[in-house]
Peer 1: 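Below is one structure. I have some questions about it.
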Amino acid sequence: MKPMRTIAATSAFVLLVTAFAAGSASASTSADSGEREFVVLFAEGTSSAAAKAAVTAAGGTLVEENTDVGVATVKTTDAAFVQKAAAQSVIQGSAENRVVGAVPDDSVGRDAARVDAAEAETRTAVVASSAAASAKAGASGKLVEPLADLQWDMKQIGATADGSYKYETGSHKVKVGIIDTGVDGTHPDIAPNFDTKLSRNFTVDVPYDADGGLIDGPCEEEPDQSCNDPANVDEDGHGTHVASTIGAPINGIGIAGVAPNVDIVNLRAGQDSGYFFLQPSLDALTYAGRNGIDVVNMSYYVDPWLFNCTNNPADSPADQQEQKTIITAMQRALDFARNHGVTLISAAGNGATDYTKPLVDASSPDFASVPGEVAYTRDLLDPASCTSMPSEGKGVIAVSSTGISKRKAYYSDYGNGYVDVAAPGGDVYDTPDNTRDLSKAVLAAYPKSLAVANGEIDENGDPTVPYVVKSCDAAGTTCAYYQYLQGTSMASPHAVGVAALIVSRFGLPDLRGGKWLPPIVTEQILQRSAVDTACPVPATYHYTRITPAGATVTADATCEGTPSKNGFYGNGIINALRAIGR
C-alpha cells in the first residue's frame with residue numbers, strides 16, 4: 001500500500017474533489033495535457049444514447065454515467081466545452097472537476113479551526129487506562145462494555161445497558177450506510193456487524209491536485225499500480241469512528257454503538273486524504289436506494305462552494321451555473337435514495353454559524369482544479385438563495401452537536417428552521433472553568449493501521465500517546481484501538497443509530513428479507529421522540545474557551561425559537577429509549 005498521510009498534518013477542514021475515473025492520470029498530469037473533467041447534468045428522462053451524443057457534440061468523452069439521476073463524468077481537451085455543452089438541449093449544466101464536499105477534521109481541538117485557528121494543528125489527548133476499564137457486570141447483571149464508563153454520549157441519549165439496550169439493540173435485517181472516508185471492516189469492534197457483501201468503494205485515489213499538491217499520494221507500486229482500495233479500508237479514520245458510534249457490537253471489547261446489532265455497510269465516497277468526489281457521492285446515494293439500505297450517515301458538506309448560491313453577485317456566470325448544477329445533481333440523488341426507502345441524516349457543520357442569517361464564505365472554491373485557483377471572499381446576504389449540501393437538501397435531517405452539559409457545542413452550526421435535531425458530538429470546553437477537558441469528546445473506533453503508521457502504538461501494541469485508547473477482550477487475545485474526536489460528524493451518527501433502532505423496532509418485512517419503514521415515518525418518530533430542549537437564558541450564549549496555550553477565545557451564538565423547536569436543538573436532543581417507545 002502507498003504511505004498513509006499523517007493525520008496530525010491534515011488540514012482542519014479536509015477538502016473534497018470530483019471523481020477521476022479508474023486508471024486516470026493524476027490531476028497535475030491532466031492539467032499539463034490540457035485535459036479537464038466535468039460532471040454533466042442531463043435533463044430528466046434523457047436516454048443514454050442522447051446523453052452520449054450531446055457530450056460528443058460538445059467535444060467531450062463520456063467516462064461514467066449514473067442513469068438513476070441523469071449525470072455523467074466527462075473528460076475533454078476542448079477549452080470551449082462548457083459553452084458547447086450549454087448549447088446542447090439535453091444538458092442542463094456542468095461542474096468542473098474540483099472539490100464537491102468537505103469533511104471537518106474532527107480531531108479534538110482542530111474540528112472548529114475556523115473558530116480557533118490557533119488549535120488547527122493540535123491533536124487531542126486524554127488519559128484513559130484500558131486496564132482499568134475491563135469488562136464488568138453492571139448493577140443489573142448485564143455485560144457492560146469495557147469502555148462504557150467513558151461513553152458519556154450514550155448516557156445522554158439513553159443508549160446504555162439499563163436504557164435502550166434492555167429493549168432494542170437493533171436487527172441485522174437493518175442496513176446502515178456509511179457515506180464517508182471508508183470503514184475499517186477488520187476492526188474487532190466493527191467486524192461482527194460489517195456487511196462485506198454489500199459494501200462498496202466508489203472512489204479512485206487521486207495522487208495530486210492541479211498545482212501538484214499532494215492529495216492521496218502515489219498509488220500502490222505493486223503489483224499493478226492500482227489506485228483502487230478494497231471496500232473494507234479506511235486510511236483516514238473518520239468513517240471508522242462514525243461507523244462504530246452507530247453499530248459497534250456488544251462483544252466484550254471497547255465500546256457499544258447506539259444500535260449494536262445492525263449491519264454496517266461501507267459506501268465509501270471519500271478519498272484516503274479525506275476528499276470527496278461528486279460522482280462517488282451521487283453513486284453512493286443511488287446505490288443505497290437500489291440495495292435496500294435503510295439509513296445513511298453523511299458527515300460531510302458539499303462544495304467546491306461551502307454554500308452553493310444561485311445568484312450571488314460575487315460569482316461569475318460560469319460559477320453560478322456550476323453551483324446550480326451541484327445543487328440539482330445532489331438533490332436528485334437525495335430524492336432517489338429517499339424515494340427508495342433511505343432515511344437521510346447529515347451533520348450540520350462545524351463553522352459556529354447561523355445558517356439562517358447573512359454570513360461570509362471565505363473558503364470557496366477550495367481546491368485547485370485548474371492551476372492557481374484560489375478561494376475568495378463572498379458576502380452571503382440572502383441565505384435562502386444559497387444551499388449547503390447535503391445538510392440543507394430537501395428530505396435530509398440536519399443534526400447539531402451538544403456537549404456533556406447538553407449545551408450546543410461551541411463549534412456547531414445552528415439556525416431556527418435549519419437544525420432538525422441535536423445529538424452528542426462533544427465539546428472539550430464544556431467545563432466549569434472553560435479549560436479543555438479532552439474526555440468531553442466522543443470515543444469510538446480507530447484503525448490499528450493508522451495508529452501504527454502515525455507512531456501512536458509501540459512494537460508491543462501499546463499506545464504511545466494518551467489520545468489513543470486500547471481495549472482487549474477478557475482473554476487478552478483480541479485488542480482494538482479507539483480515539484477521541486468531536487464535531488457534528490460525531491453527532492450525526494448518534495441520530496443515525498437511533499433511526500436504525502426505529503426501523504428495527506417498527507419496520508415491516510421487505511422483499512429482500514430485511515426490514516423497511518418509510519423514511520417519513522422514521523423521521524417523524526426520531527423528531528417526536530427527541531427531548532425538548534429550550535434555548536439558554538439569556539438566548540445569546542457567551543462561549544469562553546481558554547486554550548492550552550493560555551489564550552482566551554470568546555464568541556456569542558443566539559438561539560431563536562420555542563422550547564420545542566429552536567435553532568440550537570431543532571426538535572430536541574435525540575433519545576434512543578423514547579424512540580423505541582419506552
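All residue numbers in this chain count up from 1 along the given sequence. Just so it is clear, the model here is predicted, and its values are computed rather than measured.
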Peer 1: Could you tell me the separation between the CG atom of Leu577 and the CD atom of Glu168, rounded to the nearest 0.5 Å?
Peer 2: 11.5 Å
Peer 1: According to the ring pair (Phe, Tyr, Trp, His ring centres under 6.0 Å) rule, which pairs have a member within residues 175-196, sequence neighbours left out?
Peer 2: His187-Tyr482
Peer 1: So which atom in Ile457 and which in Pro463 form the shortest heavy-atom distance, rounded to 0.1 Å?
Peer 2: CG2-CA, 3.9 Å
Peer 1: Would you say the side-chain atoms of Asn193 pair up with the backbone N or O of Gly247, donor to acceptor, closer than 3.5 Å?
Peer 2: yes
Peer 1: Without swapping roles, check the side chain of Ser346 against the backbone of Met298 for a donor-acceptor pair under 3.5 Å.
Peer 2: yes
Peer 1: Are Ser281 and Asp283 close enough that a side-chain donor and a side-chain acceptor fall under 3.5 Å?
Peer 2: no
Peer 1: For Ser529 and Asn575, does a side-chain donor sit closer than 3.5 Å to a side-chain acceptor?
Peer 2: no
Peer 1: Only one of His241, Glu456, Lys470, Gln483 passes side-chain hydrogen bond (donor to acceptor under 3.5 Å, both in side chains) with Tyr446; say which it is.
Peer 2: Glu456
Peer 1: Could you state the interatomic distance from CG (Leu501) to CD1 (Ile574), rounded to the nearest 0.5 Å?
Peer 2: 9.5 Å
Peer 1: I need the minimum non-hydrogen distance between Asp234 and Gly239, along with the two atoms involved.
Peer 2: OD2-N, 3.5 Å
Peer 1: How about Asp189 and Ser244: does a side-chain donor come under 3.5 Å of a side-chain acceptor?
Peer 2: no
Peer 1: Does the pair Ile573 and Lys406 meet the rule for a side-chain contact (heavy atoms from CB on, under 4.5 Å), with working shown?
Peer 2: CA-CA 8 Å; Ile573 299 174; Lys406 300 183 182 179; 3.9 Å; yes
Peer 1: Any side-chain heavy atom of Tyr569 sitting closer than 4.5 Å to one from Val531?
Peer 2: no
Peer 1: Does the side chain of Pro424 reach to within under 4.5 Å of the side chain of Ile157, using non-hydrogen atoms?
Peer 2: yes
Peer 1: Kindly compute the distance separating CG (Asp263) from CG (Leu198), expressed to the nearest 0.5 Å.
Peer 2: 8.0 Å
Peer 1: When you measure from the side chain of Asp294 to the backbone of Val176, do you find a donor-acceptor pair of N or O atoms at a distance under 3.5 Å?
Peer 2: no
Peer 1: Measure the acute angle between the ring planes of Tyr355 and Tyr418, then classify it against the limits of 30° and 60° as parallel, tilted or perpendicular.
Peer 2: parallel
Peer 1: Taking the six-membered ring for Trp, are Tyr287 and Phe202 closer than 6.0 Å centroid to centroid?
Peer 2: yes
Peer 1: Applying the side chain to side chain contact (heavy atoms under 4.5 Å, CB included) criterion to Ile264, which one of Asp195, Ile178, Val242 satisfies it?
Peer 2: Ile178
Peer 1: Could you tell me whether the side chains of Thr402 and Gln156 share a donor-acceptor contact shorter than 3.5 Å?
Peer 2: yes
Peer 1: Under a 3.5 Å threshold, yes or no: a donor from one side chain and an acceptor from the other, between Thr431 and Asp437?
Peer 2: no
Peer 1: Taking atom CG of Asp180 and atom CG of Asp236, what is their separation to the nearest 0.5 Å?
Peer 2: 7.5 Å
Peer 1: Just jot down the salt bridge (charged side-chain N to carboxylate O under 4.0 Å, His left out) partners of Arg578, sequence neighbours excluded, or say none.
Peer 2: none
Peer 1: Could you tell me the separation between the CD1 atom of Ile580 and the OG1 atom of Thr169, rounded to the nearest 0.5 Å?
Peer 2: 9.0 Å
Peer 1: Check whether more than 12 heavy atoms from other residues, nucleotides or ligands sit under 6.0 Å from atom NZ of Lys155, and answer yes or no.
Peer 2: yes
Peer 1: Side chains of Glu145 and Tyr165: donor-acceptor distance under 3.5 Å anywhere?
Peer 2: no
Peer 1: Measure the shortest side-chain to side-chain distance between Ile345 and Val295 over non-hydrogen atoms and say whether it is less than 4.5 angstrom.
Peer 2: yes
Peer 1: Please assess Arg200 against Asn291 for the test side-chain contact (heavy atoms from CB on, under 4.5 Å), listing each intermediate value before the final yes or no.
Peer 2: CA-CA 11 Å; Arg200 295 290 185 275; Asn291 289 277; over 6 Å; no
Peer 1: Side chains of Asp184 and Thr240: is there a donor and an acceptor less than 3.5 Å apart?
Peer 2: no
Peer 1: Is the NZ or CZ atom of Lys408 both under 6.0 Å from the centre of the six-membered ring of Phe568 and within 45° of that ring's axis?
Peer 2: yes
Peer 1: What closest approach, in Å, do Ala422 and Ser400 show between heavy atoms, and which atom pair accounts for it?
Peer 2: CB-OG, 3.3 Å
Peer 1: Please examine the side chains of Val399 and His494, heavy atoms only from C-beta on, and report whether any two atoms are closer than 4.5 Å.
Peer 2: no
Peer 1: Given 3.5 Å as the limit, does a donor-acceptor pair link the side chain of Ser504 with the main chain of Ser171, or not?
Peer 2: yes
Peer 1: Keeping Asp430 on the side-chain end and Ser405 on the backbone end, is there a donor-acceptor pair under 3.5 Å?
Peer 2: yes
Peer 1: Ignoring hydrogens, what is the shortest heavy-atom contact between Thr478 and Pro188? Give both atom names and the distance.
Peer 2: CG2-CB, 3.8 Å
Peer 1: Are any side-chain N or O atoms of Tyr300 and backbone N or O atoms of Thr181, one a donor and one an acceptor, separated by less than 3.5 Å?
Peer 2: no
Peer 1: I'd like to know whether Lys175 forms a side-chain contact (heavy atoms from CB on, under 4.5 Å) with Val262, so could you lay out the CA-CA distance, the side-chain angles of the two residues, the decisive distance to 0.1 Å, and finally the verdict.
Peer 2: CA-CA 6 Å; Lys175 310 294 184 182; Val262 300; over 6 Å; no
Peer 1: Check for a donor-acceptor pair, side chain of Asp473 on one end and backbone N or O of Ile253 on the other, with a separation under 3.5 Å.
Peer 2: no
Peer 1: Check side chain to side chain contact (heavy atoms under 4.5 Å, CB included) between Ala337 and all other residues, then give those that pass, not counting sequence neighbours.
Peer 2: Leu285, Val342, Leu344
Peer 1: List the steps, then state whether side-chain hydrogen bond (donor to acceptor under 3.5 Å, both in side chains) holds for Tyr429 with Gln486.
Peer 2: CA-CA 11 Å; Tyr429 290 99; Gln486 70 172 13; over 6 Å; no
Peer 1: Are Leu443 and Val469 side-chain neighbours, meaning at least one heavy-atom pair lies under 4.5 Å?
Peer 2: yes
Peer 1: Taking Asp427 as the fixed residue, which of Arg545, Arg407, Arg436, Lys440 is the one that meets the side-chain hydrogen bond (donor to acceptor under 3.5 Å, both in side chains) rule?
Peer 2: Arg407
Peer 1: Decide yes or no for Thr186 and Asn232: does some side-chain heavy atom of the first lie under 4.5 Å from some side-chain heavy atom of the second?
Peer 2: yes
Peer 1: Ignoring hydrogens and geometry beyond distance, is a side-chain donor-acceptor pair present between Asp162 and Thr160 at under 3.5 Å?
Peer 2: no
Peer 1: Taking 4.0 angstrom as the limit, do Arg268 and Asp229 come out as a salt bridge?
Peer 2: yes
Peer 1: Can a donor-acceptor pair be found between the side chains of Asp462 and Thr464 at a distance below 3.5 Å?
Peer 2: no
Peer 1: Run the side-chain contact (heavy atoms from CB on, under 4.5 Å) test on Val421 and Ile397 for me, step by step, so that the C-alpha distance in whole Å, both residues' side-chain angles and the decisive distance to 0.1 Å come before the verdict.
Peer 2: CA-CA 7 Å; Val421 292; Ile397 297 173; 4.0 Å; yes
Peer 1: Check Ser299 against Asn297 and note the closest heavy-atom contact, atom names and distance.
Peer 2: OG-ND2, 2.9 Å
Peer 1: I need the Asp413 CG to Ser401 OG distance, nearest 0.5 Å.
Peer 2: 10.5 Å
Peer 1: Are Thr245 and Met490 side-chain neighbours, meaning at least one heavy-atom pair lies under 4.5 Å?
Peer 2: no
Peer 1: Would the distance check show the side chain of Trp152 and the main-chain N or O of Ala441 forming a donor-acceptor pair, the cut-off being under 3.5 Å?
Peer 2: yes
Peer 1: Establish, from distance only, whether the side-chain atoms of Thr554 and Tyr543 form a donor-acceptor pair under 3.5 Å.
Peer 2: no
Peer 1: Can you confirm whether Thr544 sits close enough to Val553 that some side-chain heavy atom of one is under 4.5 Å from a side-chain heavy atom of the other?
Peer 2: no
Peer 1: For residues Ala398 and Ser391, report the shortest heavy-atom separation together with the two atoms involved.
Peer 2: CB-O, 3.8 Å
